[in-house]
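All figures in this text were calculated on a predicted structure; none of them were measured in a lab. Each chain gets a letter, A, B and so on, in the order its sequence line appears, and its residues count up from 1.
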Amino acid sequence: MLVYHRDTNHLLNVACYSVISEHERITGEPPTGLFFNKVLSIINKEFAPSVQIGLPHCWYRWGDEVVRILMPTPVQWFHEDPPRTTVGWDADPPEVPAAVDAYERVIGRVRSLVETYSSPGRVENLVSHVYSYAPFPFQDAYRRLRNIFIDLRGAEIPIDGLSSAVITPPLENAMEVFPFHDFPSMQERAETFHILMNGLLAADVKGLELARELSESFWLAFCYHLRLHPEAHENIPEDTLEYWRNNLEIQLAHYDNSFNGIVLDAADISAEILEVPGVGNLVNEAEHKRSEDLKLISSFDAELDDIGKFLEAVRQLRE
Amino acid sequence: MPDPIVIDTNAMQDRGFRPWLYNYRGRKIFPLICFVELSVFLRSRGRSIGAIKGLLKTLGVEIEPFHMKYAYIAIETGVAFHDFKKNWRDHMIGAHAHTAPLRLITYNQKDFQFLGDRVMSPQDAMQKL
């Protein structure tokens, strides 16, 4: 049963508070959003089905993530140092019912997880632990590809064969386990993504930055679908799922535009890219789509050129 | 990926900005209030809602509702800057761009000072992003 209004001593409140307070006790600092998400994920997973903490979560861009707007209201997210986020508790500590086994076990397990994973250098182990139960093997395989791109950032040294040696193996491993059956609407996008990535990697260092951008764009497009899969979310109200579904069309339109933009940029940077099978077709299709889209946009020119005057008139009425 | 941007309605008046926006590959957010303004204007010029949404879809722009979290932000900035009566709309739009690395693209930078250096004109956006 979904709980929208939780009692202050609800088990989820106690679990959240425990993660935050234990991390502060041990390290002197609040947990990062990543740490908070992963510890709660493990607690939720390990204690189900006998103890349900009711965690509203989904598998998304950075693994198993809580859905913030559905979390207990005292949980606060701080973005003073983006992209790093920290998590705090803005209320009195929840009252823990005395001698209730579920509460004692959850608090104890939170303590042991925070002690284990809060030491420097252990967060990658925490992430790997969570990915070990991801619903689709593709997620962990793709994480390895993303990690390579993160490691290579800023290190675009012109070494021949760098891309194919380092990036091609994790890319191929990931695409080998792409869950086509579970995400049929991503099938064509996965295939064209794979073709273009091969093209960009053929250009080695020259194609690396575009390959990095493409890999993130594709991952995000996949994650928009992933979080809607029945095996990839829990304790999410139907209106939130409906909002995610309604946004899919525009998010995928954005991905398709970005993909075509990368295709056209790729065609400009290297002849080797165009020699990879399938890339030539992608370029032709991207050029045609861009031409049609820009025509549609310019068909609004006569009206939109005047919108400034309309807005100024509205503003003056307000004053 | 390029940083996400929030687009104010008045940015759409720039004929050079519109194709730039189409080509921009970061996330593009159009606050619901701006969607209403744009749609009232275009509807009064005879465009259908379907055509308006088709334009935004072609531009790759996401219409973002005004969530409760934005309300809390608009409340705080409205109180802090003592100009809510005149600029309530701007506080509500600015809330969508409150968290870095989001940036607001607008011609009306002077009324979004509460966003600090994360406000830019369409011309600056086209040069720098």
Side-chain angles (χ1 to χ4, degrees), chain A residues 68-69 73 77-85 210 212-220 243 246-262 264-265 289-290 292-315 318-319, chain B residues 1-3 8-15 17-30 34 37-38 40-47 51-65 67-69 72 85-90 98-102 106-108 111:
Chain A
R68 294 185 192 183
I69 56 169
T73 45
W77 305 83
F78 301 103
H79 308 282
E80 283 87 6
D81 183 22
R84 190 171 180 271
T85 303
L210 286 176
R212 176 184 292 122
E213 183 187 346
L214 177 62
S215 76
E216 274 307 293
S217 293
F218 176 74
W219 176 241
L220 197 51
Y243 174 70
N246 289 340
N247 263 359
L248 252 186
E249 190 186 350
I250 187 61
Q251 287 160 342
L252 292 178
H254 176 62
Y255 169 73
D256 292 340
N257 277 4
S258 297
F259 179 86
N260 284 342
I262 294 170
L264 294 174
D265 282 357
K289 179 79 170 37
R290 174 176 280 182
E292 292 297 304
D293 286 348
L294 289 175
K295 230 183 275 179
L296 184 143
I297 292 165
S298 63
S299 74
F300 281 79
D301 280 348
E303 294 115 314
L304 287 176
D305 288 352
D306 279 344
I307 194 171
K309 293 179 208 160
F310 165 78
L311 294 170
E312 188 51 36
V314 169
R315 172 174 279 275
R318 278 206 314 265
E319 286 173 2
Chain B
M1 277 164 63
D3 284 342
D8 195 359
T9 322
N10 59 39
M12 299 292 269
Q13 67 186 290
D14 189 315
R15 197 179 275 211
F17 179 71
R18 299 190 289 265
W20 177 88
L21 186 63
Y22 168 78
N23 287 312
Y24 187 70
R25 300 203 288 255
R27 189 174 167 219
K28 295 171 273 196
I29 295 163
F30 202 51
C34 298
E37 288 177 333
L38 179 75
V40 165
F41 175 73
L42 287 174
R43 286 286 291 126
S44 67
R45 299 290 184 104
R47 293 282 189 172
I52 297 164
K53 291 183 82 175
L55 169 66
L56 294 174
K57 183 181 169 188
T58 301
L59 287 166
V61 163
E62 195 181 316
I63 302 166
E64 186 169 74
H67 299 295
M68 187 60 87
K69 64 180 180 180
Y72 291 134
K85 183 180 171 189
K86 178 167 162 279
N87 290 332
W88 60 267
R89 170 210 175 267
D90 297 331
H98 181 259
T99 307
L102 286 156
T106 180
Y107 278 110
N108 186 23
D111 286 332

Novice: Return the minimal non-hydrogen interatomic distance between Met12(B) and Leu304(A), and the atom names on each side.
Specialist: O-CB, 3.8 Å

Novice: Mind checking the CG-CD spacing from Leu38(B) to Glu303(A)? Nearest 0.5 Å is all I need.
Specialist: 10.0 Å

Novice: Measuring heavy-atom distances to chain A, does Asp90(B) have an atom under 4.5 Å in its side chain, in its backbone, in both, or in neither?
Specialist: side chain

Novice: What part of Asn246(A) is in contact with chain B, defined as an atom under 4.5 angstrom from a non-hydrogen atom: side chain, backbone, both or neither?
Specialist: neither

Novice: Which pair of non-hydrogen atoms, one from Pro19(B) and one from Leu294(A), has the smallest distance, and what is that distance?
Specialist: CB-CD2, 3.9 Å

Novice: Strictly below 4.0 Å, N to O, side chains only: are Lys57(B) and Asp256(A) in salt-bridge contact?
Specialist: no

Novice: Could you tell me if Arg47(B) sits above the aromatic ring of Phe300(A), with its cationic atom closer than 6.0 Å to the ring centre and no more than 45 degrees from the axis?
Specialist: yes

Novice: Any side-chain heavy atom of Asn10(B) within less than 4.5 Å of one from Ile307(A)?
Specialist: no

Novice: Decide yes or no for Asp305(A) and Arg15(B): does some side-chain heavy atom of the first lie under 4.5 Å from some side-chain heavy atom of the second?
Specialist: yes

Novice: Pick one of side chain, backbone, both or neither for Leu56(B), based on which atoms fall under 4.5 Å of a heavy atom in chain A.
Specialist: backbone

Novice: Is Ile297(A) in contact with chain B via its backbone, its side chain, both, or neither, using a 4.5 Å heavy-atom distance?
Specialist: both

Novice: Determine, step by step, whether Arg18(B) and Asp301(A) satisfy the side-chain contact (heavy atoms from CB on, under 4.5 Å) criterion, reporting the C-alpha distance in whole Å, the side-chain angles of both residues, the deciding distance to 0.1 Å, and the verdict.
Specialist: CA-CA 9 Å; Arg18(B) 299 190 289 265; Asp301(A) 280 348; 2.7 Å; yes

Novice: In terms of relative ring orientation, are His67(B) and Tyr243(A) parallel, tilted or perpendicular, with 30° and 60° separating the classes?
Specialist: perpendicular

Novice: Heavy-atom distance under 4.5 Å to chain A: side chain of Tyr24(B), backbone, both or neither?
Specialist: backbone

Novice: Could you grab the distance from atom CG of Leu59(B) to atom CG of Asp293(A), nearest 0.5 Å is fine?
Specialist: 9.0 Å

Novice: Heavy-atom distances under 4.5 Å only: say whether Arg290(A) touches chain B with side chain, backbone, both or neither.
Specialist: both

Novice: Are any non-hydrogen side-chain atoms of Leu214(A) and Arg25(B) less than 4.5 angstrom apart?
Specialist: no

Novice: Output the distance between atom OG1 (Thr9(B)) and atom CZ (Phe310(A)), rounded to the nearest 0.5 Å.
Specialist: 9.0 Å

Novice: Hey, is CD on Glu292(A) packed in by over 12 heavy atoms from elsewhere, all under 6.0 Å?
Specialist: yes

Novice: Do the side chains of Gln251(A) and Glu62(B) get nearer than 4.5 Å, heavy atoms only?
Specialist: yes

Novice: Examine whether an atom of Ser215(A) lies under 4.5 Å from a heavy atom of chain B, and if so say whether it belongs to the side chain, the backbone or both; otherwise answer neither.
Specialist: neither

Novice: Can you tell me if Asn23(B) uses its side chain to pair, donor with acceptor, with the backbone of Gly261(A) under 3.5 Å?
Specialist: no

Novice: In terms of heavy-atom proximity below 4.5 Å to chain A, should Leu55(B) be classed as side chain, backbone, both, or neither?
Specialist: both

Novice: If we only count heavy atoms from C-beta on, is the Arg27(B) to Leu220(A) side-chain gap below 4.5 Å?
Specialist: no

Novice: Check whether Ile262(A) gets within reach of chain B through its side chain, its backbone, both or neither, counting any heavy atom under 4.5 Å.
Specialist: both

Novice: Would you say the side chain of Arg45(B) lies within less than 4.5 Å of the side chain of Asp306(A), judging by non-hydrogen atoms?
Specialist: yes

Novice: Flag the pair Glu312(A) / Asn108(B) as yes when at least one side-chain heavy-atom distance between them is below 4.5 Å, and no otherwise.
Specialist: no

Novice: Between Asn247(A) and Glu64(B), is a side-chain contact (heavy atoms from CB on, under 4.5 Å) present by the stated rule, with each step listed?
Specialist: CA-CA 9 Å; Asn247(A) 263 359; Glu64(B) 186 169 74; over 6 Å; no

